[in-house]
Every structure is written in C-alpha cells, then in structure tokens.
Novice: 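Quick one: the structure is below, questions incoming.
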Amino acid sequence: MSVMKTSMRNFFAHKGRMALSAIAVMLSVAFVTGTLVFTDTMGTTFDKLFAATSSDVTVSAAGGEPDEVSRTGRPDSLPASLVKEVAAVEGAKSAEGAVSSMDVTVVDRDNKNMGSSTGAPTIAGNWTKNDLRSMEITSGHAPRGPTQVMVDADTADKHGLKLGDELRTITVSGDITARIVGIASFKVTNPGAAVVFFDTATAQRGLLGATGRFTQVNVTAEAGVSDTRLKRNVSSALATLTAQTEQGAKGEQGAKGVQETAYKVRTQQETADANRSDVDEFMNVIKYGMLGFAGIAFLVGVFLIINTFSMLVAQRTREIGLMRAVGSSRGQVNRSVLVEATLLGVLGSLIGVGAGVGLAVGLMKLMSAVGMELSTRDLTVRWTTPAIGMLLGIVVTVLASYLPARRAGKVSPMAALRDAGTPADGKAGLVRGLVGLVLTGAGAFALYLAATADQAKQGSLILGVGIVLSLIGFVVIGPLLAGGVVRVLSAVLLRAFGPVGRMAERNALRNPRRTGATGAALMIGLALVACLSVVGSSMVTSATAELDKSVGADFIITAGNGGKPLNPATVKAVEGVEGLGHVTRMKETPAKVTAPDGTSESGQLLAAEATYAEDLRRETVSGDLAAAYGADAMSVGSEFAEKAGVKVGDTLTVAFEGGRTAKLRLAAITSDDTGLDKGAMYTNLTTVERHVPAERLPLDTALLAKADEGSKDQAYAALKTAVAKDPTVKVMDQTDYKQALQDQVGQLLNMVYGLLALAIVVAILGVVNTLALSVVERTREIGLMRAIGLSRRQLRRMIRLESVVIALFGALLGLGLGMGWGATAQRLLALEGLEVLDIPWPTIIGVFIGSAFVGLFAALVPAFRAGRMNVLNAIATE
C-alpha cells in the first residue's frame with residue numbers, strides 16, 4: 001500500500017512533466033482505436049447493404065457475378081424461362097428476373113459523369129420488388145418506358161438532379177437517353193454507388209443486348225421455409241432441368257455436374273458473404289495500413305516515455321536515495337516507478353479510446369465529403385476495440401518504463417548525499433556500443449545482400465530484415481553518434497552565435513543517451529519519409545525513361561474508370577479520326593499456354609494488331625516480334641521460355657477461356673528485362689477472334705495511335721473531340737501519361753506522409769518533453785547563469801539552438817538511413833525493369849531544413865518558461 005501511495009504522490013507531483021508522455025500514449029491509442037472503429041463501421045455499413053439487397057435465394061450464371069465489370073461489356077445472363085421454372089419450385093413464394101450491370105457510364109445533359117469519384121460502382125438495372133427491401137420511391141414513380149429512368153436519392157442530391165432532368169447511359173449496346181421520372185431513397189446507408197433503374201425491357205436491350213434474358217433470378221421463400229431448404233430445392237430443380245435439356249439420359253451424378261457449371265445458387269447469407277469478400281480486401285488494406293502507422297507512432301512514443309522516466313529518475317536521485325536509506329527495497333522503488341507508468345498508461349489510454357471514437361467519426365465525415373457515404377447511425381464500437389486500445393497503451397507504457405524503473409531500483413542510499421539530477425550515464429556504455437555496432441553492421445550486410453539479390457521476392461524479405469536491424473542498430477548506437485554528429489552540426493550552425501551557441505552545444509552533449517533517444521524518435525519518421533521519397537521518385541523516373549525508350553505511339557486511349565474496357569462506339573470514333581497513321585487495337589483474354597514438355601502458364605494473352613510492335617518497342621531474345629502477329633503465331637517472355645525450354649519454331653497449345661484450343665507457332669521470345677509488358681505473351685487479334693466466340697470476345701482494353709508526320713497537334717485535338725461523348729475516356733500523349741504516372745505516385749506518397757505525420761508529431765512532443773525536463777533539471781544552473789549576466793533573450797536562444805541541433809541530429813540520421821533503404825529497394829525494383837535510381841534532393845533538403853523549424857517550434861514553450869524563472873528562486877533550488 002505504501003508503494004501505491006508513494007507512486008500516486010509522485011505521479012501527481014510531476015503531472016505537468018507526465019502530460020506530454022500521456023499525449024503520446026493518447027495519440028497512439030486513438031489511432032489504433034479510430035482505425036478499428038472506422039473499419040468496423042465500414043463493415044457494418046456494407047453488411048447491412050448486402051443483407052438488404054439480397055433475396056432469400058439468388059440464382060445467377062456460374063461464369064461471373066452480376067455486379068462485376070465484364071470483359072465483354074455485358075454480364076453473364078440467364079434465359080427468362082428460368083424464372084417460371086424456379087417459381088414453381090416447392091417452398092418458393094415467388095420469383096422474378098433482375099437485370100444488373102456495372103458496365104455503364106451515366107452522364108447528365110452537360111456530359112458530366114454521375115458516377116462516384118471514390119471508386120464506388122455505377123450500377124444500372126431494372127426496378128424489381130426485391131429492390132423494395134433496400135429502397136423506397138420517395139419522389140415520382142418507377143420507369144414505365146424506354147425514355148424513363150429512376151435514380152437513387154444520394155446521386156440526385158450530390159449532383160443536383162431533379163424530376164424531368166435528362167440522363168444518358170452509355171452501354172456497349174448504345175446510349176440510352178431518358179428523363180428522370182422517379183427518385184428512390186436507400187433505407188440503409190449507401191456507401192457511394194450511383195444507381196439508375198429502367199423498365200425491364202429497356203434494361204435487357206441496353207445492358208444485355210437482347211430481351212428475354214436476366215442476370216439473376218431473385219427467389220422469395222414461403223413462410224416457414226428456410227433459405228437453406230429453398231436453395232436445396234432450387235438446386236435440385238435446376239439440376240433436373242439441365243439434365244433434361246443438355247445431358248439427356250445421363251445419370252444423377254452427371255446432371256449434378258452440369259448444374260454446378262451452369263448456375264450459381266446462393267442463400268441470402270451466402271450472397272451477402274460473397275459481396276462482403278469483394279470489399280474485404282479493400283478494407284484490409286485500409287485497416288492494416290493505418291495500424292502499421294499507429295505501430296510506428298507507438299514505437300516513437302516508446303522513446304518519449306523512456307526519456308521522460310529516465311529524466312524523472314535522474315532528477316529524483318536524492319529522493320530515491322533517501323527512500324532506500326529509510327528502508328525501501330530495490331523492488332519497492334522499482335514497483336513505484338512501474339506503478340507511475342501504469343497510471344500514465346491507463347490515463348493516456350482512456351483518453352485515447354475516447355479520442356479514437358472521435359477520430360473515427362471525423363474520418364467518416366471526411367470520407368463523406370469526398371463521396372464515400374458513411375453514417376454515424378452505423379457507428380460500430382465492439383467491446384474488443386477499447387480493450388485492445390487499453391491493453392496496448394498500458395503494456396507499451398509499462399514496457400517502455402521498465403529500464404528507467406530498473407535503474408531507479410539500483411540507486412544506492414549514498415546517492416542521497418550527492419546532488420540531485422546528476423546523470424549516472426553521461427557516456428554510453430561499452431556493451432551498448434558494441435551491440436549497436438554489431439546490429440548496424442548486420443543491417444548493412446543484409447541491405448547489401450538485398451541489393452545484390454537475383455530475385456525480387458527473395459530480396460524483399462532480406463530488405464525487411466536489413467531495415468529492422470539497421471534501425472535498431474542506429475537507435476542503440478545513437479548516443480555514440482551524438483557526440484560526433486552534434487559537434488559537426490554545431491561547428492557549422494552554432495559557432496556563429498558565440499558563447500550562447502557553445503553553451504547550446506554543450507547542453508546537447510551533456511547527456512548523449514538522452515540526445516540519442518530524442519533524436520531517434522524523429523529519426524524513425526524521417527527515415528520512412530526519405531525511403532519512400534527515393535522509391536517513389538525512382539519509380540517515376542524509371543517509368544519515364546522506359547516510356548521514352550520503348551513507347552513509339554503518340555497517343556494512348558484508355559477508359560479511365562476503374563479498369564473497364566473501351567466501348568465499341570469509342571473505338572469506332574477513334575478509328576475515324578483524320579490525321580492518324582494507324583490505330584492499334586488491343587485486347588486481353590484469359591488463356592492457358594502449354595509447352596511441348598507439359599509446362600503451362602495461365603494468364604492474360606495480349607492480342608493486338610501488327611502495328612503494336614511499332615507502338616511498343618520490345619527487345620527480343622530471339623525471333624522477330626512482328627512475326628508473332630502473323631497467322632497462328634505468338635510470342636512468350638524469356639522467363640517462361642527458359643522455364644519451359646521452348647525456342648522459336650516450337651508449337652504451343654493455347655486454351656482460350658470460353659473458346660477453343662489452338663496450336664500456335666512460337667515466333668518470338670521477348671526480353672523480360674523491362675518495366676512495360678513484362679512477361680506478356682502476344683498474338684494477333686484475328687487469331688483470338690477465330691478461337692473465341694463473338695459473345696465471349698473481350699472488348700478492347702486500350703488503343704494506341706500514331707499521328708501522321710507533322711499533324712500530331714491536330715490529331716490530338718481531333719481525338720479529344722472524338723471521344724468527348726464519354727467523359728471517362730482519356731486521351732493522353734506521352735507527356736500526359738508521364739504526368740498521370742507522377743500524379744498517381746505523388747498522391748500515394750502524400751497519403752503516406754500524412755499518416756507518418758502522426759509519428760512526427762509524437763517525436764516533436766518528445767523534443768518538447770526532453771527540453772522541458774532538461775530545463776527543470778538545470779533550474780539552479782540557469783539561475784546562476786542569469787545571475788552572472790545571461791539575459792532572458794540569450795537564455796531562450798540557447799534553448800532554441802539546443803533544440804534545433806537535436807532535431808537536425810535526428811533528421812541527419814533518419815534521412816541518411818532512409819536514403820540507404822530507398823536505394824536498396826530501388827535495386828530490387830530494377831529486377832522488375834525500373835532501373836533508374838533517383839534521389840529527390842529538393843525533398844530531402846526541404847525535410848532537413850524543415851527539421852530545424854521543428855526544433856524551433858518544439859523549444860518555444862520550454863524556452864519561454866525558462867526565461868520567466870525567478871533568478872533567486874532558481875539559485876535556491878535543491
């Protein structure tokens with residue numbers, strides 16, 4: 001009980017000194033809690049949506065999901081006669097056919113895309129009774145003819161649509177122009193999809209290309225009939241039907257096999273689970289990515305907590321010595337410090353859990369502002385979330401305080417006779433130095449092995465080991481590096497400030513372990529910034545160089561809407577543009593390629609016209625790439641050729657998905673030492689069209705075009721005009737393409753930098769805490785300096801300069817370490833064809849200079865408090 005009382009007294013006696021550490025714990029816990037609440041809320045939102053939109057039992061074609069982007073521009077469908085067959089099944093109350101497609105673009109009268117800007121789908125279909133599960137018509141009525149359309153209320157509100165407005169829906173079968181006659185509101189939260197409804201006949205013609213077809217059949221169960229039982233009855237009926245029409249007199253087992261390949265039958269829960277699995281990957285990227293940055297913030301917070309308790313123990317040396325002198329054991333002193341840490345962890349974690357829920361709500365509002373709707377009505381706080389946050393915060397805080405607590409337990413009673421605040425560890429120990437050197441050396445060796453690896457996958461694992469070892473090594477060896485680095489920085493920056501600068505240098509060197517730990521907190525965040533900057537810049541520069549070397553086409557035309565293929569109308573419009581020397585069409589079709597020795601590889605076979613060889617210059621290992629576009633010919637990549645032991649002239653067996661098997665002659669082997677089309681297998685469009693039925697033939701994925709001599713600018717403008725009817729189509733020349741690549745990488749890096757900002761904020765708090773406790777530790781010294789003539793202004797400048805040099809020390813180590821990591825990562829990227837190492841010096845120099853301002857900012861409050869000290873009271877301080 002006495003230990004608890006002592007701990008409570010000390011905790012509240014030093015509550016001001018604990019505040020910044022508590023903030024670090026709070027921020028880290030808040031990030032973890034907020035991430036879990038945010039992703040759980042997203043999961044709840046999608047679960048409610050999928051449950052509400054799914055019928056009791058759904059029958060669809062086995063080839064794909066209705067709500068998937070199709071390679072052919074039309075989703076797989078079922079005959080309308082199936083509706084009557086399913087409706088007659090025992091246990092089925094009713095059945096209705098539904099049409100649904102994501103292969104559409106919806107624009108308003110001004111040709112503005114009505115789809116989501118966040119990647120959510122645009123869905124078109126027919127209005128059915130099943131839609132009443134999740135939506136209700138709140139204005140107007142359902143569509144009743146080919147010139148009428150109904151839109152969801154969220155899309156209407158977002159784009160200011162109202163009854164009577166005209167919408168144009170772009171499909172493979174042609175445009176559907178209709179006026180809005182109804183607006184339907186979701187009963188559950190719509191995360192951001194844009195939904196339009198037509199009458200059944202219009203939806204069938206426009207989305208499927210023919211009437212009498214549906215993408216799915218929604219079956220409603222009779223009262224008392226379970227979904228599982230209804231599914232069993234429907235599956236049995238479909239198996240019998242398929243056996244009668246396609247398998248004749250085959251046995252029951254044969255009929256079952258046909259059914260399994262013809263139809264997909266799911267209960268409501270199975271449909272919801274399948275839909276949820278499609279978004280789980282996206283949510284897991286968000287969840288684990290944000291938790292990773294929270295872990296970095298926790299790691300930085302560890303240094304702050306260690307520094308705080310180390311300095312508190314040093315400042316209470318006399319107090320602890322007196323406790324030992326009057327009978328306190330080492331264990332009691334140790335426990336006293338650990339109890340203080342536990343109190344700090346509990347307090348910081350409690351506030352962090354509350355702040356995390358607020359952070360999750362803020363993220364939801366932010367996502368809603370950019371187009372992804374999330375409602376606080378679905379806010380999900382599972383009991384495990386605060387439990388995980390509390391546990392992490394307390395455990396990390398207690399572990400971080402263990403070494404200072406152990407050090408406190410070693411304080412002898414004789415320490416009571418010494419001056420308080422005398423640091424017992426002014427120099428890093430020999431053992432620490434040796435361990436740091438070994439770890440740093442091991443990390444450097446691992447980075448060297450990664451840089452010289454022959455395979456990217458193997459090298460990436462070694463790179464991870466090298467990053468961890470070198471980071472730990474730098475942290476351990478930091479106190480040894482502090483002396484030399486701080487002296488160099490001081491010689492360059494501080495000597496100009498005369499005696500004040502020299503005093504700032506000596507203060508930074510007074511306790512190398514403290515300076516090393518404070519700098520290490522900033523080092524971690526900046527090392528990651530530098531590494532990612534080098535990788536991002538190298539990727540852009542390498543890709544740009546590869547484009548200059550390999551791409552001969554003047555223009556690239558793509559459907560910039562989430563990987564959708566190009567609409568046939570767009571292809572026709574591009575081919576009709578004047579001033580173009582040629583237009584190269586290209587498709588990607590799934591196929592399985594088998595070599596004579598049985599070695600096979602499944603993937604996308606790139607089918608293009610012969611001019612593709614001019615538009616993308618690929619280096620060949622053997623053969624002539626142009627010959628690969630001849631009759632019944634193809635090419636493969638060098639890696640597959642080596643694995644399969646094939647050479648030019650060999651015959652390969654190609655099984656086209658949804659089509660027939662072909663025997664193709666190997667006409668060329670392309671080098672896989674490239675960043676563009678690495679491993680691609682090429683053949684001619686005509687070859688694919690002969691072996692894949694027209695209804696299964698994929699649409700063009702992109703077009704490459706070459707302008708006539710001297711007419712590039714005119715052709716560029718003409719292409720823009722030709723595709724203007726579809727706002728999702730992008731026409732890019734090589735400059736545009738490079739800029740788009742740079743923008744994509746830049747957006748990703750900015751997002752990562754924003755998340756790393758949390759760790760840097762915690763590191764800044766560490767600098768503030770170190771300076772604040774250092775000022776308290778030097779109270780008497782400061783009083784004496786003031787007494788002999790040091791002005792308040794000089795005192796504040798001394799503390800600011802000390803902070804700047806500590807921040808620059810951390811920045812120098814972090815940027816140097818990060819550039820080493822980035823350069824190693826680039827060598828692995830070179831194995832994938834990105835061969836140019838580019839150090840973004842403006843970014844590196846900007847971050848280094850910015851670190852000086854971070855140091856200045858961190859010193860504002862400690863310097864202000866030091867300047868306000870009463871000279872006589874400071875001198876009298878024990």
Novice: Using the side chain to side chain donor-acceptor pair (under 3.5 Å) criterion, which residues pair with Gln744? Sequence neighbours excluded.
Specialist: none
Novice: For Phe848, enumerate each residue passing the ring pair (Phe, Tyr, Trp, His ring centres under 6.0 Å) test, keeping only those at least two apart in sequence or located in another chain.
Specialist: none
Novice: Kindly write out the residues that satisfy side chain to side chain donor-acceptor pair (under 3.5 Å) with Ser851, not counting sequence neighbours, or none if the list is empty.
Specialist: none
Novice: Not counting sequence neighbours, which residues clear salt bridge (charged side-chain N to carboxylate O under 4.0 Å, His left out) with Arg585? List them please.
Specialist: Asp700
Novice: Any ring-ring contact (aromatic ring centres under 6.0 Å, His included) involving residues 585-615? Give me the pairs, sequence neighbours left out, ordered by first then second residue.
Specialist: Tyr612-Tyr682
Novice: Side chain to side chain donor-acceptor pair (under 3.5 Å): which pairs involve residues 546-558, sequence neighbours left out?
Specialist: Glu546-Ser550, Glu546-Thr674, Asp548-Lys738
Novice: Please identify which of these residues, Leu606, Leu685, Asp615, meets the side chain to side chain contact (heavy atoms under 4.5 Å, CB included) condition with Met586.
Specialist: Leu606
Novice: Any side-chain donor-acceptor pair under 3.5 Å between Ser533 and Tyr753?
Specialist: yes
Novice: Restricting to non-hydrogen atoms, name the atom on Leu528 and the atom on Trp821 that form the minimum distance, rounded to 0.1 Å.
Specialist: CD2-CZ3, 4.1 Å
Novice: Testing the basics here: between Ser600 and Phe640, what is the closest heavy-atom pair and its distance to 0.1 Å?
Specialist: C-CE1, 4.3 Å
Novice: Strictly below 4.0 Å, N to O, side chains only: are Glu657 and Arg71 in salt-bridge contact?
Specialist: yes
Novice: Side chain to side chain contact (heavy atoms under 4.5 Å, CB included) with Ser538: which of Val540, Val534, Thr541?
Specialist: Val534
